[in-house]
2 protein chains.
Amino acid sequence: MAVAKKNLFTEEENRIADLAKAIAHPARVSILLYLIKKNSCVCGDIVDELPLSQSTVSQHLKELKRVGILQGEIEGTKTCYCINPEVWMEMGGLFKGLTEKFTGCC
Amino acid sequence: MAVAKKNLFTEEENRIADLAKAIAHPARVSILLYLIKKNSCVCGDIVDELPLSQSTVSQHLKELKRVGILQGEIEGTKTCYCINPEVWMEMGGLFKGLTEKFTGCC
DNA sequence: TTTTATTATCGTATTTTTACGATAAATAAT
DNA sequence: ATTATTTATCGTAAAAATACGATAATAAAA
């Protein structure tokens, strides 16, 4: 979608859609579940966890970083990935807000 | 992504990704917010609410129907759209589950 | 300094998504 | 019966996402 078209929707609609897009691929969900399971910042071995090439995983990590869900910190030759708690909370709040707005119909 | 690649991830990972994909476009978020605001099944006027052509809106509605979030019922020449409460709850549960799995790190 | 290890980026092919106009299909209205 | 209304689908063009190998960039290790 062209950048200009973003103006056709509200900030909230765009942000929800953008965050959803970030988790709209099983590889990225898998990455997040792995980080959560490890319960810490993870350096390195994410590629080994996924059935995808190193460059593809790097691209997925980039997408998660783009929306702010992940932050990467360089530690020597490796990079440590962490979930950004603020953005994670923002996402949780937006999804919960959307979910709970609907209370039933008909 | 090829269908075969779906096997590389868990059912949960695929379902979360698929539901997220369905709301990964501001137009579709907008449609859902509109249906929620109306608090009932809506016949017709969804197209008028969006700055997109009728065929494009129809495509977005189809995507929401694909994952089960929406159900459409034909009423004469119009179609009534409703949020499917079961799928909506499923989505809410999966998103909440993912969100709450992370309690913090480092 | 050279080699090794790790991650990012580039180039590219393929697939998918998005958008719209045109048209079909179905029903209601005249 | 004809016309109008509404929605879905088709065809298609353009854009975006996905995947991978090759290569660059960086820092550690030897």
Side-chain angles (χ1 to χ4, degrees), chain A residues 1-9 13-14 17-31 34-35 41-67 69-82, chain B residues 1-9 13-14 16-32 34-35 41-67 69-82:
Chain A
M1 183 178 50
V3 177
K5 289 247 173 169
K6 296 249 163 168
N7 300 338
L8 301 176
F9 302 98
E13 285 162 354
N14 284 325
D18 210 30
L19 285 165
K21 187 154 74 78
I23 64 169
H25 193 293
R28 295 195 287 269
V29 175
S30 188
I31 288 170
Y34 177 66
L35 287 174
C41 295
V42 168
C43 294
D45 55 354
I46 295 179
V47 171
D48 306 327
E49 292 294 313
L50 297 182
L52 296 169
S53 76
Q54 182 268 325
S55 59
T56 300
V57 172
S58 187
Q59 247 180 228
H60 283 303
L61 289 167
K62 193 178 181 182
E63 170 67 9
L64 287 168
K65 277 189 283 186
R66 182 184 64 81
V67 293
I69 292 178
L70 284 195
Q71 43 198 170
E73 205 176 324
I74 297 170
E75 299 245 335
T77 171
K78 297 192 173 186
T79 303
C80 286
Y81 288 101
C82 273
Chain B
M1 182 179 50
V3 177
K5 290 247 172 170
K6 297 245 163 170
N7 299 337
L8 301 176
F9 302 99
E13 284 162 354
N14 284 323
I16 290 174
D18 210 31
L19 285 165
K21 188 154 74 78
I23 64 168
H25 193 292
R28 294 196 288 269
V29 175
S30 188
I31 287 170
L32 293 173
Y34 177 66
L35 287 175
C41 296
V42 169
C43 294
D45 55 354
I46 295 179
V47 171
D48 305 329
E49 293 294 314
L50 298 182
L52 297 168
S53 76
Q54 182 268 324
S55 59
T56 301
V57 173
S58 187
Q59 249 180 226
H60 283 304
L61 290 167
K62 193 177 181 182
E63 170 67 8
L64 288 168
K65 278 189 281 184
R66 183 186 63 80
V67 294
I69 292 177
L70 285 195
Q71 45 197 169
E73 205 176 326
I74 297 170
E75 300 244 334
T77 172
K78 297 193 174 185
T79 303
C80 286
Y81 289 100
C82 272

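Every chain is numbered from 1, with letters handed out A, B, ... down the list of sequences.
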Over how many whole Å does the gap from [X] atom [atom1] to [N] atom [atom2] extend?
X	N	atom1	atom2	result
Ile23(A)	dA17(D)	CD1	C1'	17 Å
Ile74(B)	dT7(D)	CD1	C1'	9 Å
His60(A)	dT7(C)	NE2	P	16 Å
Leu52(A)	dG21(D)	CG	P	11 Å

Self-check item: Where Ala22(A) and Val67(A) come nearest, the two heavy atoms and their spacing
Solution: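 Distance-wise, the nearest heavy atoms are CB-CG2, 3.5 Å.
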Quiz prompt | Heavy-atom closest contact (Ser30(A) atom, Glu13(B) atom, distance) | solution =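 Heavy-atom minimum between the residues: OG-OE2, 3.3 Å.
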Exercise. Could you check if a side-chain atom of Arg28(B) sits within less than 4.5 angstrom of a side-chain atom of Ile69(B), using non-hydrogen atoms only?
Key: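 No, side chains not in contact.
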Practice problem: Report the residue (Thr77(A) or Ala24(A)) whose heavy-atom-nearest nucleotide on DNA chain D is the more 5′ of the two. | Solution: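 Closest to the 5' end, via its nearest nucleotide, is Ala24(A).
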Quiz item: For Thr79(A), which contact category applies under a 4.0 Å heavy-atom criterion: base, sugar-phosphate, or nothing?
Solution: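 Answer is sugar-phosphate: Thr79(A) comes under 4.0 Å of backbone atoms only.
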Quiz item: Heavy atoms under 4.0 Å, any strand shown: does Gly44(B) hit a base, just sugar-phosphate, or nothing?
Solution: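 Contact class for Gly44(B): sugar-phosphate only.
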Quiz item: Mapping Tyr81(A) and Glu63(B) onto DNA chain C by nearest heavy atom, which one lands closer to the 5' end?
Solution: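 On the 5' side of the pair lies Tyr81(A).
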Quiz item: Between Gln59(A) and Lys78(A), which is nearer to the 5' end of DNA chain C once each is assigned its nearest nucleotide?
Solution: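 Taking each residue's closest nucleotide, the earlier one in sequence belongs to Lys78(A).
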Quiz item: Looking at CD1 of Ile46(A) and OH of Tyr81(A), how far apart are the two atoms once the value is rounded to the nearest 0.5 Å?
Solution: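 Separation between the atoms: 6.5 Å.
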